[in-house]
Q: 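Sharing a structure here in structure tokens format.
Chain letters run A, B, ... following the sequence lines, proteins first, then strands; residues in each count from 1.
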Amino acid sequence: MRTSRFPLQTLKETPSDAEIASHQLMLRAGLIRKLATGLYTWLPLGLKVLKKVESIVRQEMDRAGALELLMPAVQPAELWQESGRWEEYGPELLRIRDRHNRDFCFGPTHEEIITDLARNELQSYKQLPINFYQIQTKFRDEIRPRFGVMRSREFLMKDAYSFHISQASLQQTYDRMYQAYTRIFERCGLAFRAVQADSGAIGGNRSHEFHVLADSGEDAIAFSSNSDYAANVEAAEAAAPATERPSPGEEMRMQETPDAKTIQELVEQFDLPIERTVKTLIVAASEAVDAELIALLVRGDHELNETKAEKLPQVASPLRFANDEEIREAIGAGAGSLGPVNLPLPCIADRSVAAIADFSVGANIDHQHWLGVNWERDLPLPDVADIRCVVEGDPSPDGEGVLSIARGIEVGHIFQLGKKYSEAMNATVLDESGRAVAMTMGCYGIGISRVVAAAIEQNHDDRGIIWPTAIAPFQVALLPMKMAKSQRVREAVEMLYRQLNDAGIEVLLDDRDVRPGFMFADMELIGIPHRLVIGERALDQGKVEYRARTESENSMIGIDDIVQMLRERLNIT
RNA sequence: CCGGGCGUGGCGCAGUCUGGUAGCGCACUACAAUGGGGUUGUAGGGGUCGAGUGUUCGAAUCACUCCGUCCGGACCA
């Protein structure tokens, strides 16, 4: 390709509405343009990258035995009503009406459609297991789209759905998908990690997420120092404290705390150890509890894990924090002075809270706290559960080593769905004994457009993108110096261009009449991994200059050795 | 949706406080010089100042309403 026929829409200055590196660079390098919030056009250069990722995903899915199909993006409401998700999914589901006033939605995911297909097409256990996938545009009406294509409303996704007669068969396919995902992200040249995950709104039991490691990631991931344990912080278990609760050492006493509304203020003003303070959070209770609200207790130095809290049978799902009026009406004090002593609400304490003595809590009277409080002496121990987020240094839940925390971008997620959809939608096959049984299902997603952004997030410098070779839009930039003036340069460049193309190498020849610095800056911005510079000086010695995007020094290569050298570097045989 | 910021040629911004001819840099067009790290000069084209209403002799500028957009919270590939 020649730049004269493949315009590079690069920007020298960073658009002001882009915050993170990948978003800025995608705009500056001319990969994408914004149409509206969360909606992006992929320009030719960006689309080349997207297609590369798509192609790797397709190859590995095929290799893993999945079968490609293509389902409609627009889906009838009836199927979503059947699964119950027309109500459950919420405003993120973009609902639309046709001219006959019938309800449809633009698909955010395709469990309902594939389950409908499966119940019509699959009759016998002999047809199982089977795994269908598609690569298609999804739409989610996100509350807060952000970071360009990282969290956009319309995005390209690979979604796969497998059907099984047994849990054992599902486990086999699940493991195969796990391996396929590992290969995909390795081939894309990404540093990533598979982690245990919460299955969220899609439903089901076992689940792993694949995270690209990057400081700008929206998720926190916990790793063990000594084992291969890794989990999303949402799902990471906070192990029960290993030590027994100490015996009471202090008397319980009331303290005036006029200026302490937060734990931080309380700790500073009264010189208390933060790990012996308790935060009392009031949330809506579920119908299983004989109260509107319920209190959750976590240590002052810990954060509530909302995912864990929401799963407790006593807590309403989705989780909702009580507002100030509700708290005042139920307890008679403001949010800064709450505690479990004489609390007129049911209560659940985190494991770590149950293991401390001589702690400080709000007194349920404005500007008053209790100090030196002890379980079973001053108040009964409430229900205990794991409701906090793990923190750096916590013991690993598998008992080996301690946890550290890193940031990640979720690019893939695999689930064992079980029979959630097949039972709701009556998707059955006949088993060996001729009995109709609901199929066991798995589903597997990759955010293809997000992979592109994540790759940039992980591979860039102050000059621009540094594409991993496998997903680069072009492998080689061919830059002639003073081509307009030099017949020799022109001839040498055209010859090399032909040879490289013939060798199956994707080369971008910069034939614009611009100065060298301009070419260098553009090629570095758009991240072409290999660069050849053809100038009179080197040609005198029969050589051209070569430089990888990751290197800072040129090397001189004989003009006849170039093609072979690049074939080796690019692994083309 | 809640909180905060911002809307002025394609992009980055000044001008708004204190109302009075709409400006700068990049990009773009033409010509010339230059030619190994975003070169230089000359000459050009392009803007209902987010929208509406109001105040005023006069509004980018003041007031009100709405819209868009970005960041943090909530959700997810």
Q: Is there any protein nitrogen or oxygen under 3.5 Å from a nitrogen or oxygen in nucleotides 24-29 of chain B, and what are the pairs?
A:
{"residue": "rG25(B)", "atom": "N2", "partner": "Glu13(A)", "partner atom": "OE1", "Å": "2.7"}

Q: Write down the distance between CG (Leu532(A)) and C1' (rG36(B)), rounded to a whole number of angstrom.
A: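 One finds 15 Å between C1' of rG36(B) and CG of Leu532(A), rounded.
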
Q: Using whole Å, what does the distance between atom C1' of nucleotide rU34(B) and atom CZ of Arg515(A) come to?
A: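 Answer to the nearest Å: 6 Å.
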
Q: Hey, does the side-chain of Arg537(A) have a donor or acceptor N/O within less than 3.5 Å of a partner on the base of rG35(B)?
A: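 It does not, because no donor-acceptor pair links the side chain of Arg537(A) to the base of rG35(B) below 3.5 Å.
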
Q: Ignoring hydrogens and angles, are the base of rG35(B) and the side chain of Asp513(A) linked by a donor-acceptor pair under 3.5 Å?
A: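 Under the 3.5 Å cut-off, the side chain and the base do form a donor-acceptor pair.
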
Q: If I take atom CG in residue Leu35(A) and atom P in nucleotide rG68(B), what distance separates them, rounded to the nearest angstrom?
A: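 Nearest whole value for this atom pair: 14 Å.
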
Q: Whole Å only: how far is the CG atom of Leu304(A) from the P atom of rA74(B)?
A: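 From Leu304(A) CG to rA74(B) P: 11 Å.
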
Q: Taking atom types as they are modelled, is there a donor-acceptor pair under 3.5 Å from the base of rG36(B) to the side chain of Lys482(A)?
A: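 Result: no qualifying N/O pair found.
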
Q: Select one nucleotide: of rU69(B), rA77(B), rG36(B), the one nearest the side-chain heavy atoms of Lys34(A).
A: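 Ranking rU69(B), rA77(B), rG36(B) by closest atom to the Lys34(A) side chain puts rU69(B) first.
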
Q: What is the distance from CZ of Arg450(A) to C1' of rA77(B), rounded to the nearest Å?
A: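 The answer, rounded to whole Å, is 5 Å.
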
Q: Identify each atom pair where a protein N or O and an N or O of nucleotides 2-10 of chain B are less than 3.5 Å apart, giving names and distance.
A:
none

Q: Any idea which of rU69(B), rG36(B), rC75(B) is nearest the Met481(A) side chain?
A: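 Comparing rU69(B), rG36(B), rC75(B) against the side chain of Met481(A), the answer is rG36(B).
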
Q: Between Phe520(A) and rG38(B), do the rings stack, that is, sit under 5.5 Å apart with planes less than 30° off each other?
A: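 Not stacked: fails the 5.5 Å / 30° test.
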
Q: Measure from the side-chain heavy atoms of His413(A) and tell me the nearest of rA77(B), rC70(B), rC1(B).
A: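 Among rA77(B), rC70(B), rC1(B), the one nearest the side chain of His413(A) is rA77(B).
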
